[in-house]
Each structure stands twice: as structure tokens, then as C-alpha cells.
**Student:** 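I am attaching a structure below and will ask some questions about it afterwards.
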Amino acid sequence: MNHPRPATPTVHGAPPPGVGLDEFLHTPARLNICALLAPAEWVLFSFLRDSIGTSDSALSKQLTTLEQAGFVEIRKDHNVRRQTSVRLTDDGRARFEAYLSSLEGLVARARGTADGAQVRGGQG
């Protein structure tokens, strides 16, 4: 009798790639915010708003949610009128990278290239 193979934990007890997508981060708005923050040290609120194409209030709500979850740090510069900057925390960056790894695993499986092996026409 065949039993499903249990998921084998990977580094730091994380599930195998593609198994444990972080549902909190999987919402389009939060995913877009993290994707824009990932390559930068600090990003202006106005840049995020304009890049995502959302309102100040909608972005502010998402950023507050991300901040409460430990993903981002928000800095308000009182010397410059209404200038708010945002960055990923170290934990937020690590969690976003883990999310991307899981997503890449799913994409590889969907393309038949998981584990570096090409799956061709049902052979294997």
C-alpha cells in the first residue's frame, strides 16, 4: 500500500520548496511592497504608492500590517515635510527570501524542472 511521503524539513525547519507559501505575504499588495523593498535599503512611501498604483490610505494600512508582523520598519523624517521611508527588517527580508524560494520551487515543479531534472513527456 502506498502512503504519501511526508514533507521533509529543510534548513531551519522550513517546509520543502513550494509547500509552505506564507499566506500572510501571499496577498498581492504585500507581495508587491516586499518586492519593491527587497533590492533597496530604504524606499520612499511616495515611490511605493506610485509604483503599486494605490492610495495613501490603502498603502498605509498594508504597511502598518507589515510593520506589526515584523516585516518592515517605517521611518518618518520630521525635518522633511511628510517624508516617510520604509525598509524590510532583517526578519522580513529572510521571510521574503524563504517565500521566494518556495515560489521558485513551485515554478520549477510546474515546468517539470524540480530537483534539477527535466521531466519529458511522462518519461522517468
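Count residues from 1 along the sequence. Basis for what follows: all heavy atoms, side chains included, without hydrogens, waters or symmetry-related copies.
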**Student:** What pairs with Ala35 under side chain to side chain contact (heavy atoms under 4.5 Å, CB included), at least two apart in sequence or on another chain?
**Tutor:** Phe96
**Student:** In Å and rounded to the nearest 0.5 Å, what is the SG to CG distance from Cys34 to Leu25?
**Tutor:** 5.0 Å
**Student:** In Å and rounded to the nearest 0.5 Å, what is the OG1 to CD1 distance from Thr89 to Ile74?
**Tutor:** 11.0 Å
**Student:** What's the separation between atom CZ in Arg93 and atom CG in Leu88, rounded to the nearest 0.5 Å?
**Tutor:** 5.0 Å
**Student:** So which pairs with a foot in residues 58-90 pass ring-ring contact (aromatic ring centres under 6.0 Å, His included), sequence neighbours left out?
**Tutor:** Phe24-Phe71
**Student:** Closest approach of Leu21 and Leu106, non-hydrogen atoms and distance?
**Tutor:** CD1-CD1, 3.4 Å
**Student:** Applying side chain to side chain contact (heavy atoms under 4.5 Å, CB included), name anything that partners Thr27, two or more places apart in sequence or on another chain.
**Tutor:** Arg30
**Student:** Supply the atom-to-atom distance Glu104 CD to Arg109 CZ, rounded to the nearest 0.5 angstrom.
**Tutor:** 12.5 Å
**Student:** Can you tell me how far apart OG1 (Thr54) and CG (Asn32) are? Round to the nearest 0.5 Å.
**Tutor:** 10.0 Å
**Student:** Can you give the donor-acceptor pairs under 3.5 Å from side chains of residues 36-50 to other protein atoms, not counting sequence neighbours?
**Tutor:**
unit_1	atom_1	unit_2	atom_2	d
Glu41	OE2	Arg87	NH1	2.8
Arg49	NH1	Asp56	OD1	3.0

**Student:** Search all heavy atoms of Ala69 against all heavy atoms of Arg95 and return the closest pair with its distance.
**Tutor:** O-NH1, 3.0 Å
**Student:** Can you name the residues that form a side chain to side chain contact (heavy atoms under 4.5 Å, CB included) with Ser55, not counting sequence neighbours?
**Tutor:** Ser57, Ala58
**Student:** Passes side-chain contact (heavy atoms from CB on, under 4.5 Å), Leu59 versus Ile33? Steps please.
**Tutor:** CA-CA 9 Å; Leu59 178 57; Ile33 291 167; 3.6 Å; yes
**Student:** Name all pairs fulfilling the salt bridge (charged side-chain N to carboxylate O under 4.0 Å, His left out) condition that reach into residues 60-71, sequence neighbours left out, sorted by first residue then second.
**Tutor:** none
